[in-house]
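Encoded as structure tokens, the structure appears first; notes follow it.
All values derive from a computational prediction rather than experimental measurement. The figures that follow rest on heavy atoms only: side chains count, while hydrogens, waters and symmetry mates do not.
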Amino acid sequence: MEKSMILLCGIPSEGPIAKVNEALLKLGAQTVIFSQRQFADAELEWSFVNRKPSGYLHLFNCSYSLEDFRGIYTRFMSETELPEMKSASEAMRKHGLNLHDSFYQWLEVTDACVVNRHSTMFSNSSKPYQMQIIRRYGLKIPPTLITNDLEKLKEFKQQHKRIIYKSISGVRSIVKEFQAEDEERLSLIHYCPVQFQALLDGFDVRVHVIGQRTIATKILTTGTDYRYAHQDGGDTDLEAYEIPDSVADACIRLSAALGLHFSGIDLRFTPDGQVYCFEVNPMPGYSYYENNTGQPISQTLAEYLMNA
């Protein structure tokens with residue numbers, strides 16, 4: 001019986017790529033890895049034949065027919081930030097940029113299951129836009145104010161007492177609670193609107209959605225942003241968690257609406273039984289959660305890639 005051929009794109013040593021590769025091999029799949037850092041030894045040639053994309057991926061001395069890939073897991077880092085790209089000659093840098101561009105175009109049109117297509121990543125580039133979609137699919141969002149008006153911010157803070165601020169874009173930022181020392185910098189928002197939200201009591205849950213399946217992780221932390229609690233001498237504990245069917249269904253529908261086969265959805269469960277959604281991550285670094293809980297996220301993702 002011919003093995004399923006799965007293509008993995010990104011940095012092979014990075015946790016999410018390494019773990020799904022291991023899971024795929026245990027399931028008997030044949031994996032091919034395009035390492036971005038080795039772009040100098042890769043070529044991608046494809047075109048439309050009878051209205052279908054057809055071609056070959058060349059890696060070192062091996063060639064693979066693009067039509068043989070059943071599933072594709074992409075976790076591309078920014079190609080312009082690769083050390084090898086920065087130190088490359090002008091000709092090799094041009095090759096690397098063209099190669100990535102060709103990948104992004106092919107991944108949009110291939111018949112293979114792509115987890116996830118590059119175009120589906122863009123909703124996370126604008127948190128206000130993404131929040132509008134979140135609300136359409138049955139999940140609440142925290143009381144939010146995006147403003148460069150100091151008077152409106154004062155009213156918002158007076159109403160909610162404790163508030164946090166964070167990035168509006170898809171660029172990772174550390175969520176921080178607004179403190180007295182932040183008052184000194186408030187004049188800066190005149191030049192750029194900032195997103196503020198009410199600080200809600202409760203605990204966080206990361207829900208990984210893989211197709212029609214959900215794997216939820218409860219997060220207990222002493223910090224405002226659990227990802228960085230240790231930097232302030234705090235603690236974060238993760239454990240498997242069972243979410244209500246209604247919440248799981250809403251997460252599945254939301255992920256599908258964003259065109260995502262795989263997503264990480266960040267929720268806050270409050271003491272009064274309400275569930276709020278902060279954002280949807282279209283390229284979740286799931287290995288952090290799996291390493292801390294033993295939940296079978298990589299195995300579930302591997303099965304999805306093989307069976308989609």
Side-chain angles (χ1 to χ4, degrees), residues 120-207 209 218-229 231-232 234 236 243 246-247 250-251 253-255 257-260 263-285:
T120 63
M121 306 286 182
F122 297 134
S123 71
N124 198 43
S125 297
S126 171
K127 296 297 192 298
Y129 168 72
Q130 194 183 74
M131 283 191 292
Q132 294 180 57
I133 300 175
I134 289 170
R135 285 192 294 188
R136 292 178 198 165
Y137 289 88
L139 292 171
K140 299 177 182 291
I141 62 169
T144 300
L145 174 69
I146 300 171
T147 189
N148 62 351
D149 187 316
L150 288 177
E151 289 304 315
K152 289 184 178 179
L153 174 57
K154 289 177 182 178
E155 293 174 6
F156 186 75
K157 188 175 184 302
Q158 185 174 15
Q159 179 183 359
H160 297 289
K161 309 306 179 187
R162 298 179 65 189
I163 62 175
I164 57 95
Y165 57 93
K166 61 186 188 181
S167 169
I168 299 174
S169 74
V171 177
R172 172 175 281 202
S173 64
I174 301 177
V175 179
K176 290 185 176 293
E177 183 176 358
F178 189 89
Q179 303 285 359
E181 55 265 27
D182 293 315
E183 297 277 356
E184 302 174 5
R185 300 186 295 142
L186 275 183
S187 61
L188 296 175
I189 73 171
H190 174 74
Y191 302 101
C192 181
V194 176
Q195 178 174 233
F196 300 91
Q197 289 183 328
L199 178 59
L200 303 173
D201 290 331
F203 59 87
D204 291 319
V205 173
R206 160 57 71 93
V207 181
V209 179
K218 182 178 181 180
I219 302 146
L220 298 173
T221 184
T222 58
T224 302
D225 189 329
Y226 68 87
R227 301 169 301 173
Y228 302 96
Q231 294 184 4
D232 299 320
T236 297
I243 56 176
S246 59
V247 176
C251 288
R253 289 187 290 109
L254 174 58
S255 188
L258 293 170
L260 302 171
S263 66
I265 300 180
D266 293 319
L267 307 177
R268 170 68 57 90
F269 283 64
T270 60
D272 60 357
Q274 300 297 312
V275 180
Y276 293 85
C277 180
F278 293 124
E279 65 177 282
V280 183
N281 189 325
M283 193 169 67

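- Seen from the ring of Y165, K176 does not count as a face-on cation partner, given the 6.0 Å and 45° thresholds.
- Atom CG in N281 sits 8.5 Å away from atom CD in Q130 (nearest 0.5 Å).
- More than 12 heavy-atom neighbours from other residues, nucleotides or ligands sit within 6.0 angstrom of CD on Q179.
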Show your working on side-chain contact (heavy atoms from CB on, under 4.5 Å) between Q195 and Q197 and close with a plain yes or no.
-> CA-CA 7 Å; Q195 178 174 233; Q197 289 183 328; 4.1 Å; yes

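- Minimum interatomic distance between P284 and G264 (heavy atoms only, all atoms of both residues): CG-N, 3.7 Å.
- Summarising the geometry of I164 relative to E177, their closest heavy-atom pair is CG2-CA, 3.8 Å, with the distance given to 0.1 Å.
- With values rounded to the nearest 0.5 angstrom, M131 atom CE is found 12.0 Å from S123 atom OG.
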Steps toward side-chain hydrogen bond (donor to acceptor under 3.5 Å, both in side chains) verdict (T270, D272) | CA-CA 5 Å; T270 60; D272 60 357; 2.4 Å; yes

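- How far CZ of F203 is from CD1 of I219: 10.0 Å, rounded to the nearest 0.5 Å.
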Give the intermediate values and the outcome of side-chain contact (heavy atoms from CB on, under 4.5 Å) for residues L200 and Y276.
-> CA-CA 9 Å; L200 303 173; Y276 293 85; 3.6 Å; yes

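- You'll find the side chain of L153 reaches within 4.5 Å of the side chain of I163, heavy atoms only.
- Using a distance-only test at 3.5 Å, with no hydrogens or angles considered, a donor-acceptor pair links the side chain of T147 to the main chain of D149.
- Nearest heavy atom pair, residue D201 against residue R268, reads O-CD, 4.0 Å.
- For the pair L267 and C251, the tightest heavy-atom approach, listed with the atom from each and the gap, is CD1-SG, 4.2 Å.
- Rounding to the nearest 0.5 Å gives a distance of 6.5 Å between CZ of F178 and CZ of F196.
- Atom SG in C277 sits 9.0 Å away from atom CD1 in I141 (nearest 0.5 Å).
- Note: D204 CG to F278 CZ = 5.5 Å, rounded to the nearest 0.5 Å.
- Within 6.0 Å of CZ in F122 there are more than 12 heavy atoms belonging to other residues, nucleotides or ligands.
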Hey, mind stepping through L199 and H160 against side-chain contact (heavy atoms from CB on, under 4.5 Å) and telling me if it holds?
-> CA-CA 8 Å; L199 178 59; H160 297 289; over 6 Å; no

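- Within a 6.0 Å sphere centred on NZ of K157, other residues, nucleotides and ligands contribute 12 heavy atoms or fewer.
- The shortest heavy-atom contact between P282 and V280 is CD-O, 3.4 Å.
- Nearest approach of I243 to F269, heavy atoms of both residues: CG2-CZ, 4.0 Å.
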Please assess R135 against K140 for the test side-chain contact (heavy atoms from CB on, under 4.5 Å), listing each intermediate value before the final yes or no.
-> CA-CA 6 Å; R135 285 192 294 188; K140 299 177 182 291; over 6 Å; no

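- Using modelled atom types, one side-chain atom of S255 and one backbone atom of L260 make a donor-acceptor pair closer than 3.5 Å.
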